[in-house]
Protein chains: 2
Amino acid sequence: MSKSVNHTKASIVKAAISLFAVQGFGSTSIREIADTASVNSALVSYHFKNKQGILEWMMIDYFEKLFAKLQPVGQGEKEKKGSCFQQLIASLDTLIGYQAENMEVSAIILRELSVDSMLVREVMSTYMARLKAHFANLLETGIERGEFDRDLDVEMQLIHMMGGMFFPYSNPQIMRELFYVEPMSPEYRQRYISFLSKVWGYKLKNEEI
Amino acid sequence: MSKSVNHTKASIVKAAISLFAVQGFGSTSIREIADTASVNSALVSYHFKNKQGILEWMMIDYFEKLFAKLQPVGQGEKEKKGSCFQQLIASLDTLIGYQAENMEVSAIILRELSVDSMLVREVMSTYMARLKAHFANLLETGIERGEFDRDLDVEMQLIHMMGGMFFPYSNPQIMRELFYVEPMSPEYRQRYISFLSKVWGYKLKNEEI
DNA sequence: GTCTATATTATGATAGAC
DNA sequence: GTCTATCATAATATAGAC
């Protein structure tokens, strides 16, 4: 509720991020986080109730900030903002840029979204659903306007689109050790976006798909 | 070393799979696994040395069986097995089918590959590298033969291809709760493969990409 | 908000009998 | 291969002083 930037709270989050990222949520203890943050371990309980509370805070903060960046492109103002394709690419760019700027949290969230918990279900039914709706909306509007192919399998496109966007940030290690690219670098972001823009521009607008 | 199918060992693995899948490796204790498997907890240490030993066994078993299925398509016999494109689709189908048949382990492995450990580094430098080589080989051979576009960004194609193949099995929850599809079902596998075959057939063979 | 102290339970791992 | 018993340590969480 408070907007005050509490240093202790912030340093706990920061420490948690770096630990969760390298060894996973479940393998990280509250004590470890507190030690890394150089704060008393009791303060974790005070600020976040428990370990899951940190993850929850992290996820909410991550998605709220993401949607603050995505908002300007979609919903309501569609008419003024150029073609759906342009908007789609802009949204892809925003999401990829955001993930690149928040590599560790992105990887943590994508990893933890594959476990089963009440928190995950909530994030899934709110934020992830909203994210899906954002892109689905762009695709569907594009189809209505005849900008994209009308018998597009929207769901499959979305699935494949999400896979393409999330994978590099879900498994940065694979990117680094297998492909020798650094998904955090602006160069990669640009390379990736220009690739995607070709891929989707090509696919969405042409026959046979 | 022994080929004998030890029931205890097998039931430990089975229990570990179901627990790792829903709550993650780090959040699962040896006792929990033993209880679920209805075996004495000391037997986990006996058979696998420790918890990581189970994960290691799981990963090796998974990849060895996968490559046993992928082998017949690639390497050496390329000449006889039809076009590179056909082989590519066949490999995609094999991989997707294998993941569908081993949903839980697939999800566990993809999740755990995003943490940093010696085991992960080993799996990455052996199996994942081999998997990448398998598909890179198909793409490159296809280019050499003029079957695919010659100025293809092979690395980017591979990255995007892997994203497309892994995402649904890395985050089955997203598939179920957001897209209402069951990635384990044969129907989905077929739908997905036919989609991918169109996508890649289109992209790899045409100009502008 | 921060700290000390502590209670309680969980966890990994092993020794040694069967 | 399997079991019982055990231990040392680690983990969560809270009460109460400052």
Side-chain angles (χ1 to χ4, degrees), chain A residues 1-61 108 111-112 115-120, chain B residues 1-61 108 111-112 115-120:
Chain A
M1 210 57 76
S2 91
K3 286 186 171 184
S4 70
V5 189
N6 184 291
H7 177 257
T8 300
K9 196 171 176 180
S11 59
I12 288 171
V13 173
K14 192 182 167 190
I17 289 173
S18 65
L19 289 169
F20 290 170
V22 304
Q23 61 193 23
F25 175 81
S27 303
T28 304
S29 71
I30 289 178
R31 271 179 163 71
E32 223 173 343
I33 296 168
D35 288 351
T36 305
S38 303
V39 301
N40 191 288
S41 69
L43 291 173
V44 173
S45 301
Y46 176 77
H47 285 290
F48 299 96
K49 166 90 176 162
N50 53 32
K51 197 172 67 167
Q52 166 138 320
I54 308 177
L55 184 62
E56 188 173 341
W57 190 96
M58 211 181 274
M59 288 184 166
I60 292 174
D61 181 67
I108 293 166
R111 183 198 294 140
E112 294 308 322
V115 306
D116 194 14
S117 69
M118 239 171 58
L119 172 58
V120 165
Chain B
M1 211 57 76
S2 91
K3 285 186 174 187
S4 68
V5 187
N6 183 290
H7 176 256
T8 300
K9 196 171 176 180
S11 58
I12 289 171
V13 173
K14 191 182 168 192
I17 289 173
S18 64
L19 288 169
F20 290 170
V22 303
Q23 61 193 24
F25 174 80
S27 303
T28 304
S29 72
I30 290 178
R31 274 180 165 74
E32 222 173 343
I33 296 168
D35 289 352
T36 304
S38 304
V39 301
N40 192 290
S41 70
L43 291 173
V44 173
S45 301
Y46 176 76
H47 284 291
F48 298 96
K49 166 90 177 163
N50 52 32
K51 196 171 69 168
Q52 167 139 319
I54 309 177
L55 184 62
E56 188 172 341
W57 191 95
M58 211 180 275
M59 288 183 166
I60 293 174
D61 181 66
I108 292 166
R111 184 200 293 141
E112 293 308 322
V115 306
D116 194 14
S117 69
M118 239 171 57
L119 172 57
V120 166

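Each chain gets a letter, A, B and so on, in the order the sequences are listed, and its residues count up from 1. All heavy atoms count here, side chains included; hydrogens, waters and symmetry mates do not. Keep in mind that what you see is a predicted model, and the values were worked out from it rather than measured.
- Rounded to an integer number of Å, the gap from CG of B:L19 to P of C:dA10 is 16 Å.
- Inter-residue side-chain proximity for B:I33 and B:F20 is flagged as met; some heavy-atom pair is nearer than 4.5 Å.
- Closest-nucleotide positions on DNA chain D for B:R31 and B:K9 were compared, and the one nearer the 5' end corresponds to B:K9.
- Of the listed residues (A:L19, A:V22, A:I17), just one forms a side chain to side chain contact (heavy atoms under 4.5 Å, CB included) with A:I108, and that residue is A:I17.
- For DNA chain D, the neighbouring residues in residues 40-59 of chain B, judged by any heavy atom under 4.0 Å, are B:N40, B:A42, B:L43, B:Y46, B:H47.
- Taking 4.5 Å as the limit, every side-chain heavy atom of A:E56 sits out of range of all side-chain heavy atoms of A:F48.
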Derivation of the side chain to side chain contact (heavy atoms under 4.5 Å, CB included) call for B:N40 and B:Y46: CA-CA 10 Å; B:N40 192 290; B:Y46 176 76; over 6 Å; no
Does the pair B:K51 and B:F25 meet the rule for a side chain to side chain contact (heavy atoms under 4.5 Å, CB included), with working shown? CA-CA 9 Å; B:K51 196 171 69 168; B:F25 174 80; 3.6 Å; yes
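- Using a 4.5 Å cut-off on side-chain heavy atoms (C-beta onward), B:H47 and B:W57 make no contact.
- In this structure, B:I60 CD1 and B:L119 CG are separated by 7.5 Å, a value rounded to the nearest 0.5 Å.
- Against DNA chain D, the stretch residues 22-30 of chain A makes heavy-atom approaches under 4.0 Å through A:S29, A:I30.
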Determine whether A:T8 and A:I12 satisfy the following criterion, side chain to side chain contact (heavy atoms under 4.5 Å, CB included), listing intermediate values before the conclusion. CA-CA 6 Å; A:T8 300; A:I12 288 171; 4.1 Å; yes
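- Separating the CD1 atom of B:I12 from the C1' atom of D:dT2 is a distance of 11 Å, rounded to the nearest angstrom.
- Between the C1' atom of C:dT2 and the CG atom of A:N6 lies a distance of 10 Å, rounded to the nearest Å.
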